Visitor: 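Below is a structure I'd like to ask you about.
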Amino acid sequence: MNLLLYDGVCGLCNGLVRFVLARDQQRVFRFAALQHDVAKQTLERLGHTVTELDTFYVIEDYDTAGARVLSKSRAALAVGRHLGWRWAWSRLLYIVPRSLADRLYDVIAKRRYKLFGRHDICPLPKPEHRALFLDTPS
């Protein structure tokens with residue numbers, strides 16, 4: 001199981017969550033907004049802290065001792081890797097040096113509210129998806 005942590009008020013991040021929900025046929029992802037305690041506690045348990053909301057994380061095997069935290073471009077690539085064979089082509093993007101990919105990620109992240117909008121509060125997931133969100137009552 002993988003945990004995707006995202007900025008709950010960011011339009012781009014919420015679009016990413018909707019994208020994953022629509023394509024995650026095996027239901028290998030769970031979700032939590034960075035603004036909620038689930039995200040903070042999970043990251044702290046793994047030696048990380050949330051100081052800024054300008055990145056999202058994928059925590060692979062989040063509920064095991066072997067959990068691995070991925071952020072920025074590596075988190076984005078992990079999403080494609082875990083979505084199944086239709087997204088296998090995304091593995092080709094690993095050839096892009098991480099420093100370059102993260103710089104591009106940072107450029108978009110700085111402008112994400114302006115480009116994709118911002119919600120006043122974290123939108124609630126659809127009832128059929130609520131069990132996948134660790135920070136939302138089912």
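Because the structure is a prediction, the values reported are computed rather than measured.
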Visitor: Taking only residues two or more places apart in sequence or in another chain, which ones pass ring pair (Phe, Tyr, Trp, His ring centres under 6.0 Å) with Phe56?
Guide: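 For Phe56 there are no ring pair (Phe, Tyr, Trp, His ring centres under 6.0 Å) partners, ignoring immediate neighbours.
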Visitor: Which pairs, with at least one residue in residues 109-122 and sequence neighbours excluded, count as a salt bridge (Lys or Arg N to Asp or Glu O under 4.0 Å)?
Guide: Asp7-Arg112
Visitor: Taking Tyr62 as the fixed residue, which of Leu46, Asn2, Leu134, Val69 is the one that meets the side-chain contact (heavy atoms from CB on, under 4.5 Å) rule?
Guide: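 Answer after filtering Leu46, Asn2, Leu134, Val69: Leu134.
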Visitor: Could you state the interatomic distance from CG (Leu34) to OG1 (Thr55), rounded to the nearest 0.5 Å?
Guide: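 Interatomic distance, Leu34 CG to Thr55 OG1, rounded to 0.5 Å: 8.0 Å.
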Visitor: How does the hydrophobic cluster around Leu104 look, that is, which other residues are in it when side-chain heavy atoms under 4.5 Å mark a link?
Guide: Leu12, Ile108, Leu115, Phe116
Visitor: Show me the donor-acceptor pairs, under 3.5 Å and distance only, between side chains in residues 70-80 and residues at least two apart or in other chains.
Guide:
{"residue": "Lys72", "atom": "NZ", "partner": "Asp106", "partner atom": "OD1", "Å": "2.8"}
{"residue": "Lys72", "atom": "NZ", "partner": "Asp106", "partner atom": "OD2", "Å": "3.3"}
{"residue": "Ser73", "atom": "OG", "partner": "Asp102", "partner atom": "OD1", "Å": "2.6"}

Visitor: The test is side chain to side chain contact (heavy atoms under 4.5 Å, CB included); show your working for Val107 and Tyr105 and say whether it passes.
Guide: CA-CA 6 Å; Val107 166; Tyr105 181 97; over 6 Å; no
Visitor: Please round to the nearest 0.5 Å and tell me the distance separating atom SG of Cys13 and atom CZ of Phe31.
Guide: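 So the gap between those two atoms works out to 12.5 Å.
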Visitor: Which pair of heavy atoms, one from Leu83 and one from Phe29, lies closest together, and at what distance?
Guide: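 The answer is CD2-CE1, 4.1 Å.
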Visitor: Tell me, with the steps shown, if Val9 and Asn14 meet side chain to side chain contact (heavy atoms under 4.5 Å, CB included).
Guide: CA-CA 7 Å; Val9 298; Asn14 279 280; 5.9 Å; no
Visitor: Could you pull out all residues at least two apart from Ala32 that satisfy side chain to side chain contact (heavy atoms under 4.5 Å, CB included)?
Guide: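 If we apply the side chain to side chain contact (heavy atoms under 4.5 Å, CB included) test to Ala32, skipping adjacent residues, the hits are Leu3, Leu5, Val38, Asp135.
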Visitor: Under the ring pair (Phe, Tyr, Trp, His ring centres under 6.0 Å) test, which residues partner Phe19, sequence neighbours left out?
Guide: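 Scan of Phe19 (ring pair (Phe, Tyr, Trp, His ring centres under 6.0 Å), adjacent residues dropped) gives Trp87.
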Visitor: I need the full list of salt bridge (Lys or Arg N to Asp or Glu O under 4.0 Å) pairs touching residues 38-48, with sequence neighbours left out, sorted by first then second residue.
Guide: none
Visitor: Scan for salt bridge (Lys or Arg N to Asp or Glu O under 4.0 Å) pairs involving residues 54-71, sequence neighbours excluded, and state none if there are none.
Guide: Glu60-Arg68, Glu60-Arg81
Visitor: Sort and list the pairs that fulfil salt bridge (Lys or Arg N to Asp or Glu O under 4.0 Å) and have at least one residue in residues 16-30, not counting sequence neighbours.
Guide: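 Listed by first then second residue: nothing to list.
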Visitor: Around Gln26, counting heavy atoms of other residues, nucleotides and ligands shown, do more than 12 lie under 6.0 Å from its CD?
Guide: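 Not more than 12 within 6.0 Å, no.
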